[in-house]
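From a predicted model like this one, the values you see are computed outputs, not experimental measurements. Whatever order the structure lists ligands and atoms in, that order sets their numbers, starting from 1.
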Amino acid sequence: MSETPSSLDQHAAGILLRDVTKRFPGQDRPAVNRLSMDIPAGDMVMLVGPSGCGKTTTLKMINRLIEPTSGQILLGGKDITAANGDQLRRGIGYVIQAGGLFPHMTVAANIAVVPAMLGWDKARTTRRIDELLELVSLDPQQYRDRYPKELSGGQQQRVGVARALAADPPVLLMDEPFGAVDPITRERLQDELLSIHADLNKTVVFVTHDFDEAVKLGDRIAVFAEGGHLVQYDSPERILAEPANDFVRQFIGSGAGLKQLGLARVSNVSPLPVVSATAAEGPQALLAQAVSAGQDAAAVVDGTGRPLAWLSVAQLEGLRLLPAERAPQLPTVQAADTLADALNAILVSDAGSALVTDAKGRLVGRIDAQLILAAVRAQRDAISSVPQPPAAGSPQSPASSTDAGRP
Ligand SMILES: Nc1ncnc2c1ncn2[C@@H]1O[C@H](COP(=O)(O)OP(=O)(O)OP(=O)(O)O)[C@@H](O)[C@H]1O
Ligand SMILES: [Mg+2]
């Protein structure tokens with residue numbers, strides 16, 4: 001299946017930048033300065049940094065909209081300067097701010113731009129358009145024939161993402177794709193991108209001004225400073241735990257610890273045990289179980305094990321019947337939720353802990369604030385005990401071994 005006419009196949013391709021510099025004519029400082037980065041195939045790498053630090057220039061050098069002044073860029077192991085620029089770009093999806101849609105073309109025609117260049121037939125193109133609109137949660141029936149001006153900003157950005165994915169390119173470059181939408185739509189678009197990235201094996205390079213977005217989406221984050229200089233290139237966990245210098249620290253902003261909560265999942269923590277009974281078993285039975293287990297609260301579950309209520313021993317003592325309906329404010333979190341979600345659930349409930357359920361909603365235990373704090377500390381300690389890899393382009397540090405500290 002080699003539909004992409006570039007030398008790349010559909011599999012994710014790694015990107016290697018070697019000592020890449022871009023000097024625009026008449027500028028005293030380079031826009032990008034001796035940049036070396038290894039972007040592994042299938043990773044999502046986030047470029048962050050202040051305005052004018054060379055993020056867009058870096059993206060445009062990867063798809064050869066801009067030629068580097070010096071240095072080398074390899075895509076899937078091949079030097080891109082040897083490739084034909086147009087062909088290269090057909091194998092690289094490119095999303096720019098506000099979608100960058102052609103205003104005089106319908107949604108369908110916008111998505112079909114690259115398939116048309118590739119000479120796909122009508123049936124195949126139409127199938128692909130519908131498939132992509134569904135992927136970005138737009139009903140094809142409703143949106144296929146609209147013009148960009150008949151869409152909201154967030155919808156335009158979705159179409160921009162669909163268009164970039166049209167020919168299933170192994171590489172996706174995204175330049176502040178979610179910059180112009182409200183925070184709620186932005187979060188939804190981010191979640192969609194995460195699930196698309198998990199499903200389709202693609203290398204994504206994503207530019208953002210928003211450090212929280214970088215932490216949420218990135219396998220790695222590259223922090224740039226003025227003058228196109230790469231300051232730190234690392235996992236979000238590591239950048240939060242060990243910022244390379246004050247510039248990075250400033251860029252992270254306040255609340256590095258809280259941001260770490262957004263990275264760890266409830267499934268990373270072993271939940272505390274919970275005693276439970278169905279409503280039919282009655283309050284006395286549940287109370288007896290709680291007391292004998294030394295617990296000061298217990299859960300009521302339905303026939304399939306889904307939690308309905310979370311009651312303290314004192315509440316149980318005053319009850320004749322157990323509730324058979326789900327309590328409206330029941331604090332529950334799922335294994336896939338972040339520890340930030342869990343802490344939030346705990347803070348807004350008065351129970352002091354939240355019930356943890358599996359993907360089917362069945363009760364597996366509970367989580368409290370202490371457990372969350374312990375998990376974040378353990379995560380920080382684990383990061384600090386692993387030696388720092390040498391920075392891109394810097395000499396190998398002789399003392400470090402990636403296995404240090406592991407049995
Ligand atoms: N075509 C050009 N000619 C001359 N200078 C340019 C050109 N394009 C960009 N520059 C300069 O290169 C530097 C880097 O620009 P670039 O667009 O890559 O920044 P950026 O990090 O994407 O910024 P922003 O966050 O504002 O989008 C800036 O100083 C900019 O003025
Ligand atoms: Mg830019």
Side-chain angles (χ1 to χ4, degrees), residues 15-37 39 44-73 75 80-81 85-86 88-89 92-101 153 156-157 160-161 163-164 171-181 183 186 189-190 193 203-218 220-234 236 239 243-245 247-253 391-393:
I15 303 166
L16 193 63
L17 294 115
R18 277 195 193 139
D19 213 18
V20 174
T21 293
K22 177 65 193 181
R23 261 173 213 287
F24 286 107
Q27 304 271 327
D28 46 350
R29 269 214 297 197
V32 173
N33 193 5
R34 307 201 61 179
L35 174 63
S36 293
M37 266 176 91
I39 300 173
M44 176 132 54
V45 165
M46 313 298 286
L47 310 186
V48 301
S51 186
C53 68
K55 304 180 296 293
T56 297
T57 304
T58 301
L59 282 196
K60 287 186 170 173
M61 287 193 292
I62 295 172
N63 67 8
R64 283 190 64 199
L65 288 174
I66 292 178
E67 301 291 339
T69 309
S70 61
Q72 204 184 21
I73 301 177
L75 196 57
I80 62 160
T81 44
D86 287 330
L88 176 81
R89 281 186 286 279
I92 301 179
Y94 186 39
V95 188
I96 60 173
Q97 185 154 2
L101 302 177
Q156 289 183 27
Q157 292 192 318
V161 173
R163 183 176 63 179
V171 173
L172 206 53
L173 307 178
M174 308 182 84
D175 198 346
E176 300 193 49
F178 309 148
V181 291
R186 186 176 183 132
L189 291 170
Q190 290 169 346
L193 179 64
T203 310
V204 182
V205 189
F206 188 116
V207 170
T208 179
H209 269 105
D210 177 354
F211 193 77
D212 293 330
E213 181 166 76
V215 167
K216 175 172 175 180
L217 298 180
R220 299 194 194 198
I221 300 175
V223 185
F224 286 77
E226 298 283 348
H229 167 63
L230 180 61
V231 185
Q232 190 169 9
Y233 180 41
D234 232 321
I239 287 184
N245 59 23
F247 174 81
V248 178
R249 213 165 282 126
Q250 250 180 23
F251 208 83
I252 293 170

### Query
After noting the C-alpha distance and the side-chain angles of Y94 and R89, does the key distance pass the side-chain contact (heavy atoms from CB on, under 4.5 Å) rule?
CA-CA 8 Å; Y94 186 39; R89 281 186 286 279; over 6 Å; no

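When only non-hydrogen protein atoms are considered, atom 18 (O) of ligand 1 lies nearest to T57 OG1, 2.5 Å. Scanning the protein heavy atoms around atom 25 (O) of ligand 1, the nearest turns out to be K55 NZ, 2.7 Å. Nearest to atom 26 (O) of ligand 1 among the protein's heavy atoms is S51 OG, 2.5 Å. The protein atom (non-hydrogen) at minimum distance from atom 9 (C) of ligand 1 is F24 CE1, 3.4 Å. If you check which protein heavy atom lies closest to atom 12 (O) of ligand 1, you get A31 CB, 3.3 Å. Atom 14 (C) of ligand 1 has as its closest protein heavy atom G52 O, 3.4 Å. Taking atom 17 (O) of ligand 1 as the reference point, the nearest protein heavy-atom neighbour is T56 CB, 3.7 Å.
In this structure, H209 counts as a contact residue of ligand 1, since one of its heavy atoms falls inside 4.0 Å of the ligand.
One N or O on the side chain of R186 and one on the backbone of F178 form a donor-acceptor pair closer than 3.5 Å. Using a distance-only test at 3.5 Å, with no hydrogens or angles considered, a donor-acceptor pair links the side chain of Q157 to the main chain of P177. Distance alone, capped at 3.5 Å, is enough to place a donor-acceptor pair between the N245 side chain and the V248 backbone. A donor-acceptor distance shorter than 3.5 angstrom exists from the side chain of K22 to the backbone of E67, with no hydrogens or angles considered. Remark: side-chain polar atoms of T69 are paired, donor with acceptor, to backbone N or O of R23 under 3.5 angstrom. A donor-acceptor contact shorter than 3.5 Å links the side chain of K55 to the backbone of P50.
There is a protein heavy atom closer than 4.0 angstrom to atom 20 (P) of ligand 1. Protein heavy atoms are absent from the space less than 4.0 angstrom from atom 30 (C) of ligand 1.
Taking all atoms of both residues into account, the shortest heavy-atom contact from R64 to I80 is NH1-O, 3.1 Å.
In summary, S51 places no N/O/S atom under 2.8 Å from the Mg ion (ligand 2), failing the contact criterion.
Remark: ligand 1 and C53 share an N or O pair separated by less than 3.5 Å (distance only, no angle test).
Only the side chain of Q27 comes within contact range of ligand 1, with a heavy atom under 4.0 Å; no backbone atom does.
Within the 4.5 Å cutoff, side-chain heavy atoms of I239 are placed close to those of F211.
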